[in-house]
Structures are given as C-alpha cells and as structure tokens.
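Before any comments, here is the structure.
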Amino acid sequence: MKPHITQLLTQAAASLSADVTVESIILDRPKSAEHGDFSSNLAMQLAKPLRQNPRAIAEALIAALPKSEYIAKVEIAGAGFINFFLNAASQQTIVGEILNAGDAFGRNDSGKHEKVQVEFVSANPTGPLHVGHGRGAAVGDCLARLLDANGWDVTREFYYNDAGAQIENLVISVQARAQGMATDDAQFPENGYRGDYIMDIAEAFLAKQTVTADDMIVTASGNVSDVESVRTFSVAYLRHEQDLDLKAFQIKFDVFSLESALYSTGKDESTEQSLIASGHTYEEGDAMWLKTTDFGDDKDRVMRKSDGGYTYFVPDVAYHLDKWNRGFKRVINEQGADHHSTITRVRAGLQALNVGIPQAWPDYVLHQMVTVMRGGEEVKLSKRAGSYVTLRDLIDEVSCDATRYFLAARRSDSQLIFDIDLARAQTNDNPVYYIQYAHARICSVLAQWAGDVATLKVADLAPLSAPNETKLMQRLSDYTEVVSNAATDLAPYTIANYLKECAADLHSYYNDTKFLVDDLPTKLARLALIAATQQVLKNGLHLLGVSAPHKM
RNA sequence: GCCCUCGUAGCUCAGUGGAUAGAGCAUCCCCCUCCUAAGGGGAGGGUCACACGUUCGAUUCGUGUCGAGGGCGCCA
C-alpha cells in the first residue's frame with residue numbers, strides 16, 4: 001500500500017512541476033486514528049522550493065492526485081499534512097494475506113540468499129557463561145533469525161580463544177586446586193580463577209574422567225604436573241559446560257572456530273608474513289608492531305610480543321581473513337562494548353593485508369553491560385562462578401523464554417537492568433507473559449469454536465469495521481516492515497516492542513468484543529482477524545526465540 | 001586527557017526533523033451471571049539532562065557543558 005500511495009504522490013507532484021523523487025517521499029503511520037492510515041509531509045517539504053504556503057501546495061497536490069480504488073478520502077490537516085484514509089476493503093486484505101502465508105508471513109527475499117555470518121557469544125573457555133554472554137547470545141541469535149527471515153543464508157559462529165594467557169591462568173588455577181590449595185591461599189595464582197567450578201574440574205581431572213565437547217573427546221591423565229593434559233581437559237570440560245549453557249538457552253551454532261586451529265594450520269604465521277610484506281610493520285623494543293595508525297587507529301599496536309608470542313591481535317586478523325576467504329562478504333560480530341577497541345584494530349589489520357576487503361568490513365553490533373537486580377539490590381556473585389552472575393542462574397530462576405526476551409528487548413547500546421523479580425512475575429508486569437498470553441487466549445477461543453482455521457482464509461471480512469478492529473488490522477499490516485527494518489538496523493529489540501503493542505491491541509479487542517457470537521458472518525470475520533493476529537504473534541515470537549504457548 | 005555508548009514520567013523503557021511526546025510498573029478509581037482477570041477501561045504524573053546553533057518547525061541534527069557506563073595492555 002505504501003508504494004501505491006507514494007506513486008500517487010509522485011504523479012501529483014510531477015503535475016505541479018515539482019522536482020520530487022520516489023525516494024524523497026515519506027509516508028508515516030499517524031499516531032492518532034483521526035489522522036488516517038498514512039500521512040505525508042510532502043507539502044511542507046515543497047514549501048521552500050515552490051515558495052508557497054504548505055496548505056496551498058497540499059490542496060494542489062490533492063487535486064492532482066490520481067484516483068485510487070483503495071483510498072476512501074484524503075484530507076489536509078495541521079500545518080499541511082496530507083492524510084490518507086483507506087477504504088475498509090483495502091484495510092481488510094491483510095487478514096487474508098496473513099492466513100494464506102502462515103509461518104512465512106513477514107519473511108522476504110531481500111537478502112537474495114547471500115551468505116552472512118553472525119559471530120556471537122565467543123566466550124573464552126575459562127568459565128561458565130555469564131549474563132553478559134547471555135545478552136550477546138540473545139541478541140546474536142535474534143539477529144541471525146532476523147537475517148534468515150529477510151532471505152539471508154545465515155551461519156552462526158562461535159570463536160573460542162582456547163590459547164593464550166587466559167588459558168594459562170586456567171591451567172595453573174586447576175593445578176592449584178588439584179593440589180589442594182584454597183583460593184585464599186597466599187600461593188594461589190594471583191590472576192587465577194576462583195569460582196567453585198575450578199574445583200569441579202580439578203576433581204574430575206584427578207578422577208581421570210572423560211568429557212566431550214563439540215567433536216572432541218578428552219580423558220584426563222590424572223597427573224597434575226602434566227600441563228598439556230590439564231590444559232586440554234580443562235578447556236574441553238568448560239567447552240562442554242558452555243555447550244550445556246547454550247543448550248539450556250536453546251541456541252545452536254553452525255560452526256565453532258578455535259584459536260588453536262589457527263596455530264596448528266599456520267594461519268597465524270602466514271598472516272604475520274603478509275602483514276610484514278605489506279610494509280606496514282616495524283620492529284621496536286624487541287617487538288613487532290603494525291602501523292594501525294595508517295588506517296585510522298590512534299596508536300600503533302604490537303603484533304608479536306618481545307617474548308616471541310603473538311598478542312591476540314594477529315590471531316584476530318588471521319581469523320577474520322579466514323572468514324573472508326570462506327566467502328562471507330558480510331559478517332556481523334556481536335560483542336560486548338568492552339571489546340570496542342578491537343574494531344579499529346581488526347579492520348586496520350585487514351586493510352593492511354590489502355586483499356580487497358572493504359574498509360568497514362566486518363559489521364559490529366555491540367552490547368552494553370547488564371546489571372542484575374533482585375529485591376531492589378544488585379546481584380553480583382554466584383556461588384558457582386564466584387565473581388559473576390551466570391546465564392544458567394538466570395535461566396533456572398526465571399525461565400529460558402523470559403531470559404531471552406529481557407536480554408533481547410532493549411537497544412543493545414543501552415545499559416540493561418535485568419530485574420529478576422520482574423522477569424519472574426506472572427502478571428502483566430511481565431511483557432513476556434503478556435505477549436504469550438495474547439497468543440494463548442486466541443488459541444483458546446479457536447479451540448472452543450472447534451472449526452477448521454483454514455476455512456477462515458476465505459471469510460468475508462466486511463463485518464470488521466469497529467475502531468479496535470481497524471487498529472488491530474493496521475498493526476498487523478505493519479509487521480512486514482517491522483521485520484525488514486529490524487534486519488536493516490540490526491535491531492532485534494524492535495520486534496519485542498512491536499509484539500508488545502500487537503498484544504496490547506489484541507487484549508483490548510478481546511475485552512471489548514465477544515468473538516463466538518450467534519451471527520455467523522460476524523463470528524467468522526472476527527475469528528479470521530484473531531487467527532491472523534495469532535499467526536503474527538507466533539511468527540514474531542519465533543524471531544525472538546521465545547515460545548508461543550497454546551495454554552497458560 | 002582522548003575515544004565510544006547512553007541521559008525522555010517516581011521506576012523500567014519506547015519513540016520521532018512535524019500534529020496533544022507514549023507504554024508497563026508504582027499511586028488512585030472502575031470492570032468477571034460473559035470465549036483464560038497472566039486481561040481491560042479511566043485519572044494523576046514531563047523544562048525529552050543543560051546551553052547555544054542549523055531549520056518554516058528540534059525532544060530528534062550539530063557544537064559545547066554536566067552526569068552514568070565502557071575503552072585507551074607486549075590481556076582477550
């Protein structure tokens with residue numbers, strides 16, 4: 001409908017010899033019903049170039065507007081808004097569209113089945129996932145679902161930093177615990193991990209247990225001084241642990257990439273050699289530096305430390321080069337904002353390689369910190385992890401659905417307060433249940449009707465004329481654009497907002513109107529409308545990875 | 001000191017270069033002989049942090065100030 005009205009306005013503007021392109025025409029959904037279905041500020045935009053009063057221009061535009069079978073009336077309002085009112089039949093078409101498309105309603109092919117990779121979570125295998133990882137998991141998975149709904153071929157990827165200093169800290173922590181050392185012992189490694197889970201690993205190691213993670217199976221040697229065995233066992237143990245966290249959060253990855261694999265395949269060295277060959281490196285203080293300042297960084301960065309090892313920087317560049325070589329012309333990295341500084345560096349490294357990677361590749365979506373509250377106080381510790389709140393704590397306490405919703409429902413660049421009491425509440429305080437309840441209520445009505453929902457596709461919708469019915473149909477009509485914009489803006493939270501509003505329209509309608517009435521045409525029309533609403537709620541909840549229950 | 005994000009109702013958050021800035025909670029008043037009250041209707045509550053610019057029009061864009069958080073490692 002939007003393109004249609006845009007076309008009408010373009011033609012009208014052309015007849016006024018105004019220089020107007022289709023792209024420059026803005027159509028809005030007015031906030032108030034008295035302002036119609038769509039509104040344009042075109043007359044006000046043209047006021048300056050045409051040197052005329054906006055209202056006069058609006059009148060001329062309306063006079064020049066081609067006739068349309070979809071539009072009931074056009075009005076001028078306010079400073080010069082042109083408001084379009086659709087006729088009832090064109091407002092109603094959305095119901096049939098939704099019922100016919102079913103689960104596919106809202107999906108489109110704008111991604112043209114091109115490959116896109118979404119990398120998210122990417123936690124170090126040094127402990128259970130925490131609430132921050134949870135936010136990344138919820139946002140990243142929703143992004144992936146959104147891109148899929150917009151016709152992209154999506155790969156979900158998790159990158160493990162299973163090498164480097166943090167892993168060494170893990171190893172000496174497990175060793176210390178296996179040797180019976182307490183975490184408050186003066187001898188305990190200064191940068192060691194102190195959560196209870198380290199003790200679990202130590203005990204499992206001593207018991208020579210076997211753990212599996214992804215495609216690896218590792219059996220502990222039980223020999224504490226066997227550093228290699230402690231390392232591989234501890235990493236596998238924690239990867240397994242994180243796998244369980246992800247499973248509980250209902251998130252599946254297509255690919256797990258290991259930093260250690262970059263070393264075993266020599267991609268770190270070849271990347272370093274390419275960077276040296278690019279001429280953007282130099283040696284200083286026994287270290288090898290990359291002149292990232294050549295590419296917009298505010299200072300140069302060390303690639304190879306004076307002790308001979310790489311900083312995280314070289315494997316990061318090698319890893320992203322590998323992504324590029326795997327054919328991902330589009331990559332989105334979802335990370336915590338504390339990793340912000342890596343963006344410029346990784347992009348600079350990729351530019352230095354000079355292999356045709358675009359300057360702004362890859363895309364980044366960063367999320368801000370999460371503060372967990374309970375009983376009005378900040379929760380900082382979990383027994384198991386020691387220094388942070390784990391994702392599993394939240395899932396166990398407030399459910400997977402509520403946790404996913406709360407972590408995805410906010411703009412990711414705003415700090416988030418996760419209120420455990422609110423997420424647990426089984427009232428309309430809680431937007432998750434509010435939305436799910438709308439879905440369940442519709443299911444219940446349809447079940448009591450006991451008819452075949454498929455027959456509603458051809459229901460005569462003419463009886464749908466009440467204001468709350470019109471409002472609901474408008475809301476349903478907005479869904480496809482919401483899905484498309486959410487993907488363009490990489491903003492999953494907008495789906496959550498939309499669903500809340502859609503559910504509110506439904507609840508309001510439900511309380512005001514009886515559906516299972518005696519008059520058959522009225523009954524079928526209303527059932528068709530709520531069945532369409534049910535479908536949209538279901539499709540939207542699916543994008544968030546939240547279930548759409550039939551009963552509550 | 002420099003860089004990034006944020007600042008909207010008592011609280012948690014939406015929103016927008018345009019019409020009277022919205023929702024939920026909290027406070028107050030109503031609504032189940034009726035398809036699920038995990039719901040609905042209504043009232044009150046705002047200097048859109050502050051200042052100055054751009055604009056016919058700024059809460060929205062720009063600059064600055066203040067406030068919150070993060071980053072500025074040969075940690076990741």
Side-chain angles (χ1 to χ4, degrees), chain A residues 26 28 30-32 34-35 39 41 44-45 47-48 53-54 77-81 83 122-124 126 159 161 163-169 191 259 284-289 297-299 301-313 315-316 335-344 366-369 371 373 376 406 409-419 422 425-438 440-449 493-494 496-498 500-501 503-504 506-517 526-527 530 551-552:
Chain A
I26 299 164
D28 282 321
K31 289 168 204 158
S32 155
E34 65 190 277
H35 295 135
S39 170
N41 64 353
M44 288 178 279
Q45 288 181 316
K48 196 161 196 181
N53 174 329
F81 292 98
N83 293 334
S122 293
N124 294 348
T126 55
Y159 177 64
N161 293 109
Q166 300 303 331
I167 298 299
E168 295 318 304
N169 280 334
N191 295 320
E259 181 184 353
E284 188 180 299
D286 293 332
M288 176 73 73
W289 297 69
D297 204 355
D298 55 356
K299 58 178 81 167
R301 307 291 168 177
V302 171
M303 295 164 51
R304 185 185 274 286
K305 298 182 276 185
S306 48
D307 70 5
Y310 293 122
T311 63
Y312 63 88
F313 175 48
D316 269 4
Q335 310 181 328
D338 54 338
H339 288 250
H340 178 266
S341 59
T342 66
I343 297 177
T344 314
L366 302 181
H367 64 260
Q368 295 285 333
M369 299 200 73
T371 305
M373 305 286 286
F406 273 75
R410 299 272 181 263
R411 294 172 57 104
S412 60
D413 49 12
S414 285
Q415 292 167 45
L416 178 128
I417 295 182
F418 192 110
D419 183 338
L422 178 60
Q426 304 218 332
T427 65
N428 60 347
D429 307 14
N430 192 330
V432 191
Y433 295 129
Y434 184 82
I435 297 164
Q436 290 182 321
Y437 184 46
R441 273 182 143 179
I442 297 170
C443 292
S444 176
V445 174
L446 293 174
Q448 285 175 51
W449 169 55
Y493 73 95
T494 56
N497 288 336
Y498 171 84
K500 227 163 38 171
E501 287 167 349
L506 185 279
H507 284 308
S508 181
Y509 183 39
Y510 183 101
N511 273 72
D512 178 70
T513 309
K514 188 158 169 67
F515 308 132
L516 298 174
V517 292
R526 288 176 181 170
L527 289 175
I530 63 168
K551 262 186 205 172
M552 288 176 73

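Protein chains get the first letters and strands the later ones, always in sequence-line order, with residue 1 at the start of each.
Nucleic acid contact class of A:Q335 (heavy atoms, under 4.0 Å, all strands): none. At a threshold of 4.0 angstrom between heavy atoms, the contacts of A:Y510 include nucleobase atoms, whether or not backbone atoms are also involved. Residue contacts for A:T126: at a heavy-atom cut-off of 4.0 Å it reaches no nucleic acid atom on any strand shown. Within 4.0 Å (heavy atoms only), A:N161 reaches sugar-phosphate atoms of the nucleic acid but no base atom. As judged by a 4.0 angstrom heavy-atom cut-off over every strand, A:H35 is placed among the base-contacting residues. A:A504 comes within 4.0 angstrom of no nucleic acid atom, judged by non-hydrogen atoms across all strands. Nucleic acid contact class of A:A287 (heavy atoms, under 4.0 Å, all strands): base. Residue-level contact check: A:S444 touches the bases, meaning some heavy atom is under 4.0 Å from a base atom. If you check every strand for non-hydrogen atoms under 4.0 Å, A:I417 touches sugar and phosphate atoms only. A:R411 comes within 4.0 angstrom of sugar-phosphate atoms only, judged by non-hydrogen atoms across all strands, and of no base. Nucleic acid contact for A:M303: none, since no nucleic acid atom lies under 4.0 Å from a heavy atom of the residue. At a threshold of 4.0 angstrom between heavy atoms, the contacts of A:N83 include nucleobase atoms, whether or not backbone atoms are also involved. Contact annotation for A:T344: no contact, since no heavy-atom pair falls under 4.0 Å across all strands.
Nucleotide B:A68: paired with B:U5 (Watson-Crick or G-U wobble, both distances less than 3.5 Å). Pair assignment for B:C48 gives none, since no Watson-Crick or G-U wobble pairing has each distance under 3.5 Å.
An anti base is found at B:C6: its glycosidic angle is more than 90° from 0.
No hydrogens or angles were tested; on distance alone, nothing pairs the side chain of A:N169 with the base of B:A76 as donor and acceptor under 3.5 Å. A donor N or O paired with an acceptor N or O is found under 3.5 Å between the base of B:A19 and the side-chain atoms of A:S39. No hydrogens or angles were tested; on distance alone, nothing pairs the side chain of A:S341 with the base of B:C72 as donor and acceptor under 3.5 Å.
OP1 or OP2 of B:C13 has not a single side-chain nitrogen or oxygen of A:K500 nearer than 4.0 Å. For the OP1/OP2 pair of B:G7 and a distance below 4.0 Å, the side-chain nitrogens and oxygens of A:S414 include no atom meeting the criterion.
Rounded to whole Å, the distance from CD on A:E168 to C1' on B:A76 is 14 Å.
Ring geometry for A:F515 versus A:Y509: interplanar angle of 30 to 60°, hence tilted.
For A:F515, counting side-chain heavy atoms from C-beta on, the closest listed nucleotide (B:C35, B:C74, B:C13) is B:C35.
A:R410 and A:L416 make their closest contact through CG-CD1, 3.2 Å (heavy atoms, listed as atom of the first residue, atom of the second, distance).
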